[in-house]
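What follows is one structure encoded as structure tokens, with my remarks underneath.
Quick note: residue numbers are just sequence positions, from 1. For the numbers below, each heavy atom of this structure counts, side chains included, while hydrogens, waters and symmetry mates do not.
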Amino acid sequence: MEILVASAVGVLTAAGIYLILRRRSFPVILGLSLVSYAVNVFLFATGRLMTNAPAILNKYEEVPYTDPLPQALVLTAIVISFGMTAVVVMIALGAYLSSQDDRINLSDDNAKAGDDA
């Protein structure tokens with residue numbers, strides 16, 4: 001189970017970084033979302049991966065339990081990443097509507113465009 005979760009975190013991180021390095025704004029937004037999902041899965045996995053285990057301690061009997069703190073951190077991170085994604089989408093939409101293109105401009109592109117003109 002740990003190998004599967006570690007592989008999922010690795011694949012999500014690799015795909016997210018690949019998309020972040022693209023030159024258009026929409027793949028960058030998807031890449032940021034994938035990286036945040038990878039971090040959420042990693043945080044969730046830090047609370048021990050157990051099936052059918054309660055998230056609280058039982059004071060009457062010694063049973064394996066799942067740590068509730070990573071679950072609370074992941075819930076908070078999901079809300080924050082959703083808000084961040086909404087803000088980034090609105091910024092990208094505003095940039096697209098003002099320039100009619102969703103390419104990400106780098107300083108080298110602006111210098112080359114100024115030399116060619």
Side-chain angles (χ1 to χ4, degrees):
M1 178 109 173
E2 288 85 8
I3 301 265
L4 179 66
V5 172
S7 299
V9 169
V11 167
L12 284 171
T13 303
I17 290 173
Y18 175 77
L19 287 173
I20 286 173
L21 296 175
R22 300 294 94 202
R23 301 198 34 108
R24 299 208 177 258
S25 60
F26 185 69
V28 170
I29 294 168
L30 288 178
L32 285 172
S33 295
L34 285 179
V35 169
S36 74
Y37 293 151
V39 170
N40 289 342
V41 171
F42 175 73
L43 283 175
F44 191 71
T46 61
R48 287 193 224 145
L49 297 172
M50 297 180 146
T51 57
N52 298 326
I56 56 174
L57 292 173
N58 188 353
K59 67 180 180 179
Y60 300 112
E61 130 182 30
E62 190 68 33
V63 294
Y65 68 94
T66 305
D67 189 12
L69 183 63
Q71 296 174 15
L73 288 174
V74 168
L75 183 62
T76 305
I78 288 170
V79 172
I80 291 171
S81 67
F82 180 73
M84 180 194 73
T85 302
V87 168
V88 170
V89 165
M90 292 309 295
I91 291 171
L93 182 63
Y96 173 75
L97 291 176
S98 67
S99 66
Q100 298 300 320
D101 190 19
D102 69 339
R103 287 191 177 266
I104 297 172
N105 293 330
L106 302 173
S107 60
D108 294 338
D109 292 339
N110 292 336
K112 289 178 186 176
D115 293 338
D116 293 339

Compare all side-chain heavy atoms of Leu34 with those of Tyr37 and state whether any distance is below 4.5 angstrom.
-> yes
Under the 4.5 Å side-chain heavy-atom rule for ILVMFWY, direct or indirect, which residues accompany Val87?
-> Ile91
What are the two closest non-hydrogen atoms of Ala95 and Ser98, and how far apart are they?
-> O-OG, 3.0 Å
Pairs of donor and acceptor atoms involving the side chains of residues 4-14, under 3.5 Å and at least two apart or interchain, shall be tabulated with distances.
unit_1 : atom_1 : unit_2 : atom_2 : d
Ser7   : OG     : Ile3   : O      : 2.8
Thr13  : OG1    : Val9   : O      : 2.8

Arg24: partners by salt bridge (Lys or Arg N to Asp or Glu O under 4.0 Å), with sequence neighbours left out = Asp101, Asp102
Tell me which donor-acceptor pairs under 3.5 Å the side chains of residues 74-81 have, and how far apart each pair is, sequence neighbours excluded?
unit_1 : atom_1 : unit_2 : atom_2 : d
Thr76  : OG1    : Ala72  : O      : 3.0
Ser81  : OG     : Ala77  : O      : 3.1
Ser81  : OG     : Ile78  : O      : 3.0

Does a side-chain heavy-atom distance below 4.5 Å link Asn40 with Phe44?
-> no
Out of curiosity, does Ile17 fall in the hydrophobic cluster containing Val39 (side-chain heavy atoms, cut-off under 4.5 Å, transitive links)?
-> no
State which residue, out of Leu30, Leu19, Ile20, fulfils the side-chain contact (heavy atoms from CB on, under 4.5 Å) condition with Val35.
-> Ile20
Members besides Val88 in its Ile/Leu/Val/Met/Phe/Trp/Tyr cluster (side-chain heavy atoms under 4.5 Å) | Ile29, Met84, Val89
